[in-house]
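So the structure is just underneath, and the comments pick up after that.
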Amino acid sequence: MARIIAVTDAVKSLSEVEARFGLRRAEDEQFFNEWQQDLPELNDAERSKLQILRQRLLYHRAEGDLLEGSVMLLVASPLLELPGFYDPPFRMQAEAGIEVTVADGQEILRGRIDVLIMQRQFWTLVLESKKTTISTRSALPQALAYMMATPDPEKAQFGMLTNGDDVLFIKLVLQPEKQYSLSRVFSLYTLTQEWQAALQVLKKLATLISG
């Protein structure tokens with residue numbers, strides 16, 4: 001009988017998730033070029049909204065660190081809303097439960113994705129948020145494990161990690177090899193331009209996925 005383990009207990013480091021799933025980080029810079037090439041322009045309304053979001057983040061952040069729920073409300077949810085991930089053709093599931101089998105069927109990892117964006121039942125974007133005291137990169141092993149549970153391994157998967165201060169994007173491909181790559185870190189706490197750049201990536205992904 002397969003042993004059931006929580007994802008948070010099973011994969012606490014990048015080396016663990018790479019070993020369990022046979023993952024490797026792609027060295028080719030073109031593997032994940034979606035975050036830097038042919039990015040869409042933002043309109044005035046989007047730029048104004050981002051300025052408001054940044055000022056709101058700074059206002060609440062000035063009182064101290066933010067918990068995960070506040071990060072979701074102040075950063076993650078608005079960034080997903082602006083490019084249309086809450087509207088057709090996408091559907092959103094919060095706290096989506098997943099299971100992924102590893103070790104030749106001897107282990108089942110269980111967990112819950114903070115936000116899962118789907119299109120026609122296909123996974124398109126996984127979002128994982130952390131409180132501001134935790135590094136964005138610390139969510140990477142957990143997010144990769146969740147992304148491995150996709151029911152459609154033939155399609156590229158994308159992920160977004162944020163702790164409120166920073167945003168990091170992931171691309172995962174399972175065929176013909178299990179590879180992943182990362183974007184640069186977008187530092188939302190520092191400049192409005194970083195919000196704009198992160199939104200451009202999300203708009204690019206929304207167009208790419210829906211098309």
Side-chain angles (χ1 to χ4, degrees), residues 2-12 14 16-18 20-21 23 32 34 66-103 105 107-131 134-164 166-175 178 180 182-183 198-199 201-203 205-210:
R3 191 164 58 117
I4 298 174
I5 311 173
V7 168
T8 49
D9 293 332
V11 288
K12 296 181 179 179
L14 195 54
E16 284 180 326
V17 75
E18 288 178 341
R20 279 181 180 271
F21 294 106
L23 276 171
F32 186 15
E34 290 89 349
L66 301 177
L67 296 178
E68 191 171 321
S70 298
V71 170
M72 183 65 69
L73 290 172
L74 293 171
V75 175
S77 186
L79 279 177
L80 289 178
E81 180 184 5
L82 280 169
F85 279 113
Y86 292 159
D87 303 312
F90 303 109
R91 291 193 179 275
M92 180 272 293
Q93 285 189 13
E95 295 293 324
I98 62 99
E99 286 189 356
V100 55
T101 302
V102 295
E107 295 178 347
I108 296 175
L109 306 188
R110 283 182 177 171
R112 288 192 176 275
I113 300 171
D114 287 345
V115 176
L116 173 62
I117 304 294
M118 299 183 297
Q119 180 187 8
R120 297 192 297 274
Q121 304 307 309
F122 295 130
W123 290 22
T124 58
L125 183 71
V126 168
L127 181 136
E128 188 68 18
S129 67
K130 297 294 181 184
K131 57 186 178 182
I134 298 178
S135 165
T136 302
R137 292 182 183 85
S138 69
L140 180 58
Q142 187 176 335
L144 284 170
Y146 291 156
M147 293 166 74
M148 291 296 300
T150 176
D152 188 27
E154 295 182 359
K155 291 182 177 293
Q157 304 297 311
F158 295 97
M160 172 181 160
L161 311 178
T162 183
N163 64 354
D166 302 317
V167 166
L168 181 68
F169 295 100
I170 313 167
K171 180 178 180 179
L172 173 69
V173 170
L174 300 181
Q175 297 180 4
K178 298 175 182 177
Y180 72 94
L182 309 175
S183 71
L199 179 56
V201 175
L202 283 169
K203 286 185 68 174
L205 294 181
T207 301
L208 181 70
I209 295 165
S210 63

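The figures here come from the full heavy-atom set of this structure, side chains too, leaving out hydrogens, waters and symmetry mates. Residues: numbered from 1 along the sequence shown. The structure presented is a predicted model; accordingly, all values stated were derived computationally and were not measured.
Considering Leu79, Asp114, Thr136, Leu205 in turn, Leu79 is the only one that fulfils the side-chain contact (heavy atoms from CB on, under 4.5 Å) rule with Met160. Tested against Trp123, the residues Ile209, Ile98, Ile117 include a single side-chain contact (heavy atoms from CB on, under 4.5 Å) partner, Ile98.
Of the N and O atoms on the side chains of Tyr180 and Glu18, at least one donor lies less than 3.5 Å from an acceptor on the other residue.
Of the inter-residue distances, the one linking Met148 atom CE with Thr101 atom OG1 reads 11.0 Å to the nearest 0.5 angstrom. The distance from the CG atom of Asp166 to the NZ atom of Lys130 is 15.0 Å, given to the nearest 0.5 Å. Interatomic distance, OG1 of Thr150 versus CG of Leu172, reported as 8.5 Å (0.5 Å rounding). Distance check: Ser129 OG to Leu73 CG gives 9.5 Å after rounding to the nearest 0.5 Å. In this structure, Phe85 CZ and Gln119 CD are separated by 9.5 Å, a value rounded to the nearest 0.5 Å. The distance from the CG atom of Leu161 to the OG atom of Ser183 is 8.5 Å, given to the nearest 0.5 Å.
Shown here for Glu95 and Arg112, the closest heavy-atom pair between the two residues is O-NH1, 2.8 Å. Across Gln93 and Ala96, no two heavy atoms sit closer than the pair OE1-CB, 3.6 Å. Taking every heavy atom of both residues into account, Ala10 and Ile5 meet most closely at CB-CG2, 3.8 Å.
Between Val115 and Met72 there is a side-chain heavy-atom pair separated by less than 4.5 Å. A 4.5 Å side-chain heavy-atom check between Leu199 and Pro83 finds at least one atom pair inside the cut-off. Between Leu125 and Leu202, the closest side-chain pair of non-hydrogen atoms falls below 4.5 Å. Counting heavy atoms from C-beta on, the side chains of Lys155 and Phe122 come closer than 4.5 Å. The closest side-chain heavy-atom distance from Pro141 to Lys12 is not below 4.5 Å. Residues Leu127 and Leu80 are in side-chain contact: their nearest non-hydrogen atoms beyond the backbone lie under 4.5 Å apart. A 4.5 Å side-chain heavy-atom check between Glu34 and Phe169 finds every atom pair outside the cut-off. Inter-residue side-chain proximity for Lys178 and Val173 is flagged as unmet; no heavy-atom pair is nearer than 4.5 Å.
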Practice problem: Take Tyr146 and Glu128 through the test side-chain contact (heavy atoms from CB on, under 4.5 Å) and record every step on the way to the result. | Solution: CA-CA 10 Å; Tyr146 291 156; Glu128 188 68 18; 3.5 Å; yes
Practice problem: Report the C-alpha separation of Thr124 and Phe158 in whole Å, then their side-chain angles, then the decisive distance to 0.1 Å, and conclude whether the side-chain contact (heavy atoms from CB on, under 4.5 Å) test is met. | Solution: CA-CA 6 Å; Thr124 58; Phe158 295 97; over 6 Å; no
Exercise. In sequence, state the C-alpha distance, the side-chain angles, and the governing distance for Arg110 and Glu99, and then conclude on salt bridge (Lys or Arg N to Asp or Glu O under 4.0 Å).
Key: CA-CA 5 Å; Arg110 283 182 177 171; Glu99 286 189 356; 2.4 Å; yes
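Side-chain atoms of Asn163 come within 3.5 Å of backbone N or O of Ile134 as a donor-acceptor pair. Looking only at distances, a side-chain donor or acceptor of Ser138 sits under 3.5 Å from a matching main-chain atom of Ser135.
Under the 4.0 Å criterion applied to side-chain N and carboxylate O atoms, Glu107 and Arg3 are assigned as salt-bridge partners.
For Glu154, the CD atom counts as loosely surrounded, since its 6.0 Å shell holds 12 or fewer non-hydrogen atoms of other residues, nucleotides or ligands. The environment of Lys203 atom NZ is dense: over 12 non-hydrogen atoms of other residues, nucleotides or ligands sit within 6.0 angstrom.
Under the side-chain contact (heavy atoms from CB on, under 4.5 Å) criterion, Ala145 pairs with Val7, Val11, Val17, Phe21, sequence neighbours left out. Ser77 meets the side-chain contact (heavy atoms from CB on, under 4.5 Å) test with Tyr86; sequence neighbours excluded.
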